[in-house]
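Read the numbers this way: they start at 1 and go in the same order the structure lists the ligands and their atoms.
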Amino acid sequence: MTLKRTKIVDIFAPEMVGEQVCVKGWVRTRRGNKHVQFIALNDGSTIKNLQIVIDLEKFSEEELKPITTGSSLHVEGTLVASQGKGQTVEVQAQTVEIYGTADPDEYPLQKKGHTLEFLREKAHLRMRTNTFGAVFRIRHHLAFAIHKFFNDKGFFYMHTPLITGSDCEGAGDMFQVTTLDLGNLPKNEDGSNDYTQDFFGKPTSLTVSGQLEGELGATALGAIYTFGPTFRAENSNTPRHLAEFWMIEPEVAFNDITDNMDLAEEFIKYCVQYALDHCKDDIEFLNQMYDNTLIERLQGVLKQDFIRLSYTEGIKILEASGKKFEFPVKWGVDLQSEHERYLVEEHFKCPVILTDYPREIKAFYMKQNDDGKTVRAMDVLFPQIGEIIGGSEREENYDKLIGEIERRGIPMKDMWWYLETRKFGTVPHAGFGLGFERLILFVTGMANIRDVIPFPRTPNNAEF
Ligand code: 4AD
Ligand code: MG
């Protein structure tokens, strides 16, 4: 009878000791002496390696030679309590089958301690390291937590299109989608491109946000959320920007800006708590390896009520700070990450929700305040990250919304379907967008957004 494989994550259960087990995985290290060899085996199910003990009375040196770092094995043997330090159990091997070798002269992860920059060049293999194993297990658990949070609250998961025919959100530069031959574009008489011959009969792009379609869902199903990839062709080479990133966008009918802030705060705290509860080993590893204030910072966020204040009050604090910022501060400017981080990390030492931003620096759809200068926007600002969430109450008044669209010169013909939410049974509503990778940055303590998505898309980088 063939023995069923046990995942390494399940092998540490007390009742497993004494059992005959079958394990499969990749070799992290092999060491030992003439009498006994020790293999650290990892199968990705946990950060913990399983120690395989090889008695050299049963195996020849020749048989073991191909077992080098990176090779893959199928091992059967008895699980016993370990005598050695560093592990509670180990497998006394009876049979070892080598699935695949990994030539030590060629395997890029042969040595430990590669830099994160080096590993970015090896994105196809880096998930086999402790660090990236931990990060991507945490990424999975956070994605699951997000669906659970909204499902438990009665929100509906809505799939919004990735290819869009409208260019109106204004959230960032867009990647065009076309099947036209770029070397031989069909032209109109006036020399412009003839998009009637393109796949959709009009210019199309990859979406920068699912919000506008999400509003259609919210004003029908009541409360929805999107969770999908979004694309921005901004040429910002920063540790916090990707050209392809994942965004979660809840949108709720009848919510105002306060409800929106409450939802955002509850949501982030839920995700952080979920990660602490379900990713303990991985978070502890990252805390130990990279940033020994990580766990403290995660717990800190859970304990505090986020500070809520207006943009105008925030500017006053920045002006009074006496700090020399690279980008000078005055009312009306868009806040830079240095300003956001000053408020969060130095002034309040707490996450901050800034509201009521100047109308001119925010999107057209945000609800206008009576002062005529500000809109009911909110940004959630986090330690180490800066902006993690952006959102607002939406302008539900048809005339005001049209006025703003015209004032900004947004092509109205692209907007007709959106405007009908305000024309037919309009309601107050609000929503926000959480950048998934920025949440993962916060929870893992990683410093660069390229290290929390398996295959980052950034300017000049789409290799894998
Ligand atoms: O503030 P943003 O642009 O808001 C929107 O897109 C709205 N439609 C959201 C809504 O109200 N439904 O983006 C939302 C969040 C930001 O706070 C940030 O966390 C993340 O998305 N984000 C990025 N993350 C990685 N790379 C980029 N280039 C990002 N741009 C925004
Ligand atoms: Mg924003």
I want to check something: taking the side chain as every heavy atom from C-beta on, are Q176 and T204 in contact at a cut-off of under 4.5 Å?
no
Check: W331/T312 side-chain N/O donor and acceptor closer than 3.5 Å:
yes
Ring centres of H147 and F227 under 6.0 Å apart?
yes
Between D379 and ligand 1, which residue portion shows a heavy-atom distance shorter than 4.0 Å: side chain, backbone, both, or neither?
neither
Centroid separation under 6.0 Å, is that true for the rings of F149 and F267?
yes
Take every heavy atom of Y365, measure it against each atom of ligand 1, and state whether any distance is under 4.0 Å.
yes
Using a strict 4.0 Å cut-off to heavy atoms of E234, name the atoms of ligand 1 that fall inside it.
28 (N)
At under 4.0 Å between heavy atoms, what of H241 touches ligand 1? The answer is both
Atoms in ligand 1 with a heavy atom of G391 nearer than 4.0 Å:
11 (O)
Check the pair E215, Q211 against side chain to side chain donor-acceptor pair (under 3.5 Å), reporting the backbone distance first and the verdict last.
CA-CA 6 Å; E215 287 185 51; Q211 178 194 326; 2.9 Å; yes
Flag I388 as yes when one of its N or O atoms lies below 3.5 Å from any N or O atom of ligand 1, and as no otherwise.
yes
Step-by-step side chain to side chain donor-acceptor pair (under 3.5 Å) determination, N369 to R376:
CA-CA 6 Å; N369 282 321; R376 231 161 269 181; 2.9 Å; yes
Assess K362 against Y357: is NZ or CZ under 6.0 Å from the centre of the six-membered ring, and within 45 degrees of the ring's axis?
yes
Check whether the side chains of S192 and N188 place a donor and an acceptor atom closer than 3.5 Å, and report yes or no.
yes
Below 4.0 angstrom from a heavy atom of G390, which ligand 1 atoms are there? Numbered from 1 as shown, please.
1 (O), 9 (C), 10 (C), 11 (O), 17 (O)
Any salt bridge between E396 and K367, counting N to O under 4.0 Å?
yes
Taking only heavy atoms of R394 into account, list the atoms of ligand 1 that are under 4.0 Å away from them.
10 (C), 11 (O), 12 (N)
Would I449 count as a contact residue for ligand 1, given that I'm defining contact as a non-hydrogen atom of the residue lying under 4.0 Å from a ligand atom?
yes
Name the option, out of R232, Q211, E249, that contains the heavy atom nearest to atom 2 (P) of ligand 1.
R232
Strictly under 4.0 Å, does any heavy atom of M247 approach an atom of ligand 1?
yes
Within the structure, is a non-hydrogen atom of E393 found at a distance of less than 4.0 Å from ligand 1?
no
Taking distance alone, with N or O pairs closer than 3.5 Å, would you say S392 contacts ligand 1?
no
Residue of the set H114, M127, R128, R450 for which side-chain contact (heavy atoms from CB on, under 4.5 Å) holds with L119:
H114
Name of the E387 atom (N/O/S only) found closest to the Mg ion (ligand 2)
OE2
Go through the steps for D277 and Q273 under the test side chain to side chain donor-acceptor pair (under 3.5 Å), then give the verdict.
CA-CA 6 Å; D277 292 345; Q273 183 69 61; 3.1 Å; yes
Taking the six-membered ring of F132, is NZ or CZ of R126 closer than 6.0 Å to its centre and within 45° of its axis?
yes
With backbone taken as N, CA, C and O and side chain as the heavy atoms from C-beta onward, which portion of F432 lies under 4.0 Å from ligand 1: side chain, backbone, both, or neither?
backbone
V208, any N or O under 3.5 Å of ligand 1 N or O
no
Using heavy atoms and a 4.0 Å limit, tell me yes or no: is R240 in contact with ligand 1?
yes
Location of contacts on E244 toward ligand 1, heavy atoms closer than 4.0 Å:
neither
Under 4.0 Å from any heavy atom of G435, which atoms of ligand 1 are there?
15 (C), 19 (O), 20 (C), 21 (O)
